[in-house]
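Please read the structure below before turning to the comments.
Atom set for the values below is all heavy atoms of this structure, side chains included, hydrogens, waters and symmetry mates excluded. Naming convention: chains lettered A, B, ... in sequence-line order (proteins, then strands); numbering from 1 in each chain. Because the structure is a prediction, the values reported are computed rather than measured.
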Amino acid sequence: MTAPNVRVRFAPSPTGLLHVGNARTALYNWLFARRTHGVFLLRIEDTDLERSETRYEDQLIEDLRWLGLEWDEGPGQPAEATGEMGAYGPYRQSERLAVYAEHTARLLAEGKAYRCFCTQDELEAERKTAAAVNGPQIYSRRCLNLSPAEIEANIAAGKHFAVRLRIEDHPLRFHDMVRGPVEFAAEAVSDPILVRSASGVSAGVPVYNYVVTIDDALMGISHVIRGDDHISNTPKQVAIYQTFGWKVPEFAHLSTILGADRERLSKRHGATSISTFREMGYLPEALVNYLALLGWGAEDGNTETFTLNELTQAFSLERVTASPAIFDFDKLNWLNRHYLKQTDPARMAALAWPYFAGRFEHLDQATQHLLGPWFGRLLALFLPHVDHLDQLPAKAAPIFGYDLEAACANEENIAVLAADSARTVLGELGGYVRAHNGRVTPDVFKEWMNEIKAATGIKGKDLFHPVRIALTGAHSGPDFDKVLPLIEDGAELALGISSVRDRIEQFVGV
RNA sequence: GGCGUUAUGGUGUAACUGGUUAACACGUCGCCCUCUCAAGGCGAAGAGUCCGGGUUCGAGCCCCGGUAACGCUACCA
């Protein structure tokens with residue numbers, strides 16, 4: 001597939017953390033660019049000086065890179081770096097104010113835009129009047145035909161003015177790759193404000209709808225792929241393209257991502273920002289895969305797992321759904337487990353280590369290197385039991401030791417231990433342990449269990465559960481064959497892990 | 001209120017230009033494996049496609065009319 005002139009952009013405002021909705025927009029832009037051998041650029045929309053923060057920009061950049069979505073043009077990394085990539089910069093809107101001013105002057109000179117001296121109160125009154133008769137809220141154009149003399153007089157009187165675009169009276173149409181042709185009546189648009197009036201904090205700063213359009217046009221954006229909350233803004237932007245005589249690009253408006261209650265996904269639904277998912281121990285490939293599937297399906301209708309590379313082959317904007325999607329943590333977890341299983345041990349160890357560091361009394365004394373293979377085995381054993389990495393320490397905790405009192409106080413454990421058979425089994429096992437020298441290997445252990453079974457006739461759960469509690473403090477967990485050597489080897493690592501022998505003796509002693 | 005967008009099992013998606021019993025995945029449930037919990041294997045239930053009309057031999061796909069949800073309706077982005 002070749003479309004030589006494809007240029008797309010991801011244009012977030014650095015006013016908060018990158019959340020899954022925006023990340024998905026970034027992903028689709030990136031995929032479309034890669035698929036068509038086009039250019040993907042990053043532009044920072046920081047015209048809201050009050051809310052924009054550099055730390056958010058840095059975080060944004062870090063998150064994008066973590067996801068693997070590199071951009072071809074845009075700000076350098078991190079934000080402080082002066083070097084930008086690309087010939088269409090600057091890529092931060094706060095650095096493009098002169099460009100906007102120049103365009104505004106042109107519009108004013110050509111009579112395509114006009115100064116509006118109406119105050120906020122006057123406009124508010126107009127809106128109320130319109131609302132009273134259930135009419136559309138359209139600006140009255142009171143300032144459209146002011147004479148040059150009146151304008152001068154107003155300015156001389158120190159009156160502040162905003163700049164409005166004069167909307168021509170014809171329908172505003174655009175094409176949306178996911179929704180098809182869209183049309184708005186001109187009267188639905190009203191004459192939009194382009195530049196804020198000189199009162200207030202954001203004095204004379206051009207508004208969003210105006211600057212995106214200028215930037216998209218000047219940066220040669222061929223396809224505007226963004227959230228569908230912009231769909232009603234699009235006619236205004238189309239009008240701006242037209243008054244400048246610029247080619248209107250293709251649009252693709254992506255549906256909203258909702259929470260389980262069909263409300264817009266927000267913090268109260270759980271994790272929503274990319275950095276939070278990262279901290280929780282989700283793999284970027286899982287997140288990317290999941291996000292891709294949220295609003296898009298492969299052509300074969302079957303494949304669910306895609307690497308970023310496979311996605312660039314399979315992705316197409318035409319197959320993106322227009323309907324809103326509900327974020328399903330279960331499916332994300334399934335994908336994360338899928339990728340966790342595929343991750344090679346070295347990467348796994350590196351990723352998992354931070355979750356253990358400092359979590360256990362003696363673990364930080366040991367280096368990861370010292371633990372090496374042992375740590376790897378620990379991970380291999382518990383990985384199938386977690387959805388994301390931060391659950392690992394809790395799952396693996398029994399290997400490091402357990403709280404004897406808490407274990408004995410646990411209701412399910414009490415039920416198990418109350419049986420006569422449990423006392424018998426543990427008594428027998430205590431005997432074997434005391435008579436044994438050296439480490440307890442799985443073979444030795446298995447022999448003991450067989451002998452106890454033969455001698456007492458106790459088997460199955462009655463046999464194993466009490467032993468499991470004595471060893472790990474819980475009646476369930478991975479196979480003894482795996483757990484025993486981990487404990488025994490761990491006991492030799494000076495981590496403060498007590499051996500199988502110690503555990504049983506201590507437990508039986510109670 | 002105005003304008004716009006959307007509508008297939010609990011969830012995400014499929015279903016070629018209208019054509020057999022609406023498919024796949026997650027989740028759920030059951031079975032197998034097993035001392036247990038996961039993992040893995042096998043299987044099942046779950047929608048008749050928002051509602052009501054219409055066109056057609058035939059409609060999830062086309063047309064008309066509703067309803068609901070969401071978005072915009074800002075000198076926020």
Side-chain angles (χ1 to χ4, degrees), chain A residues 11-13 15 45-48 50-52 93 116 118-120 123-124 127 130-138 160-164 176 178-179 182-185 187-190 192-200 202-209 211-212 227-236 253 255-256 258 260 262-264 290 293-305 319 321-335 337 341 381-386 395 416 449 459-469 474-480:
Chain A
S13 41
T15 55
E45 313 230 313
D46 55 353
T47 48
D48 186 339
E50 285 176 62
R51 292 194 299 148
S52 296
Q93 292 186 326
C116 173
C118 296
T119 63
Q120 302 273 14
L123 294 173
E124 182 59 30
R127 262 180 240 122
V133 296
N134 290 337
Q137 307 206 331
I138 303 172
H160 299 307
F161 62 87
V163 177
R164 283 185 188 270
D176 192 303
V178 343
R179 288 152 215 271
V182 184
E183 180 179 316
F184 285 79
E187 62 195 36
V189 177
S190 188
I193 299 272
L194 262 24
V195 183
R196 298 172 175 92
S197 69
S199 61
S202 304
V205 179
V207 304
Y208 167 79
N209 280 306
V211 299
V212 257
D228 70 354
D229 46 334
H230 288 294
I231 200 160
S232 300
N233 289 149
T234 309
K236 292 178 197 167
H253 287 102
S255 64
T256 322
L258 308 175
R262 302 209 154 261
E263 299 272 333
R264 223 162 219 258
Y290 179 65
L293 255 24
L294 208 54
W296 170 85
E299 197 154 5
D300 67 7
N302 276 334
T303 316
E304 299 279 336
T305 57
R319 291 187 63 82
T321 338
S323 57
I326 293 174
F327 195 91
D328 182 5
F329 288 89
D330 284 334
K331 185 142 186 182
L332 204 215
N333 286 341
W334 172 72
L335 276 167
R337 276 184 261 125
K341 276 178 237 158
L381 189 55
F382 290 101
L383 224 43
H385 294 257
V386 301
K395 289 285 182 191
V416 173
M449 296 300 274
K459 57 181 180 175
K461 292 180 187 178
D462 294 337
L463 175 62
F464 281 89
H465 280 197
V467 174
R468 191 175 274 288
I469 292 171
H475 62 79
S476 72
D479 294 340
F480 278 125

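- As rounded to whole Å, 16 Å separates atom P of B:C3 from atom CD1 of A:Ile231.
- Annotation: B:G65 and B:U13 have their P atoms spaced 28 Å apart (nearest Å).
- For B:G27, the OP1/OP2 oxygens have a side-chain nitrogen or oxygen of A:Arg337 closer than 4.0 Å.
- A:Phe184 comes within contact range of the sugar-phosphate backbone alone, with a heavy-atom separation under 4.0 Å but no base atom that close.
- Between the NZ atom of A:Lys395 and the CG atom of A:Leu383 there is a distance of 12.0 Å, given to the nearest 0.5 Å.
- Straight-line distance between the C1' atoms of B:U67 and B:C51: roughly 7 Å, to the nearest whole Å.
- Atom-to-atom distance recorded for A:Ser13:OG and A:Arg51:CZ is 6.5 Å, nearest 0.5 angstrom.
- Residue A:Gln137 has a polar side-chain atom (N or O) positioned under 4.0 Å from OP1 or OP2 of B:A74.
- In this pair, A:Trp334 does not lay its aromatic ring on the base of B:C26; centres under 5.5 Å and planes under 30 degrees do not both hold.
- Here the side chain of A:Asp330 is nearest to one of B:C35, B:G27, B:A25, namely B:G27.
- Among the nucleotides B:A39, B:A77, B:U36, the one closest to any side-chain atom of A:Pro384 is B:A39.
- Residue-level contact check: A:Asn333 touches neither bases nor backbone, having no heavy atom under 4.0 Å from any strand.
- One side chain, A:Asp228 or A:Thr256, offers a donor N or O that lies under 3.5 Å from an acceptor on the other.
- Across all their heavy atoms, A:Arg264 and A:Asp229 have their closest contact at NH2-CB, 3.7 Å.
- Residues A:Ile469 and A:Val416 are in side-chain contact: their nearest non-hydrogen atoms beyond the backbone lie under 4.5 Å apart.
- Within 4.0 Å of A:His253, counting heavy atoms only, lies no atom of the nucleic acid at all.
- Judged by distance alone with a 3.5 Å cut-off, no donor-acceptor contact links the side chain of A:Asn302 to the base of B:A14.
- Within 4.0 Å of A:Leu123, counting heavy atoms only, lies at least one base atom of the nucleic acid.
- Between B:C70 and A:Arg264, no contact under 4.0 Å exists linking OP1 or OP2 to a side-chain N or O.
- Nucleotides B:C32 and B:A22 place their P atoms 32 Å apart, quoted to the nearest Å.
- Across B:G58 and B:C26, the matching P atoms stand 39 Å from one another, rounded to whole Å.
- Side-chain N/O atoms of A:Lys341 include one lying less than 4.0 angstrom from OP1 or OP2 on B:G40.
- Between B:U36 and B:G46, the two C1' atoms lie 31 Å apart (nearest whole Å).
- Atom C1' of nucleotide B:A68 and atom CG of A:Leu258 are separated by 14 Å, given to the nearest angstrom.
- A:Ser232 contributes a side-chain N or O that forms a donor-acceptor pair with the base of B:G71 under 3.5 Å.
- A:Ser197 approaches A:His160 most closely through the heavy-atom pair CB-CB, 4.1 Å.
- In this structure, A:Arg262 reaches the sugar-phosphate backbone alone: every heavy-atom distance under 4.0 Å involves primed, P, OP1 or OP2 atoms, never a base.
- Each of B:C3, B:C35, B:A15 was ranked by its minimum atom distance to the side chain of A:His465; first place goes to B:C35.
- If you check every strand for non-hydrogen atoms under 4.0 Å, A:Leu293 touches sugar and phosphate atoms only.
- Within the nucleic acid shown, A:Gly295 comes within 4.0 Å of sugar-phosphate atoms alone, with no base atom in reach, counting heavy atoms only.
- Of all nucleotides listed (B:U11, B:U73, B:U5), B:U11 comes nearest to the side chain of A:Ile326.
- Counting non-hydrogen atoms under 4.0 angstrom, A:Ala131 reaches nothing in the nucleic acid.
- Across all strands, A:Ser255 comes closer than 4.0 Å to no nucleic acid atom at all (heavy-atom distances).
- The A:Lys236 side chain lies nearest to B:U73 when the options are B:A77, B:U73, B:U13.
- Within the structure, a side-chain polar atom (N or O) of A:Arg127 is placed less than 4.0 Å from OP1 or OP2 of B:A74.
- Here the side chain of A:Arg468 is nearest to one of B:A77, B:C35, B:U11, namely B:C35.
- Atom CG of residue A:Asn333 and atom OH of residue A:Tyr290 lie 10.0 Å apart, to the nearest 0.5 angstrom.
- For B:A77, one of the phosphate oxygens OP1 or OP2 lies less than 4.0 angstrom from a side-chain nitrogen or oxygen of A:Arg196.
- The side chain of A:Thr47 contributes an N or O atom lying less than 4.0 Å from OP1 or OP2 of B:A77.
- Rounding to whole angstrom units, OH of residue A:Tyr290 and P of B:U13 are separated by 8 Å.
- Evaluation of atom-type donor-acceptor distances gives a pair under 3.5 Å for the side chain of A:Ser197 against the base of B:C75.
- Here A:Arg179 does not reach the OP1 or OP2 of B:G71: none of its side-chain N or O atoms lies under 4.0 Å away.
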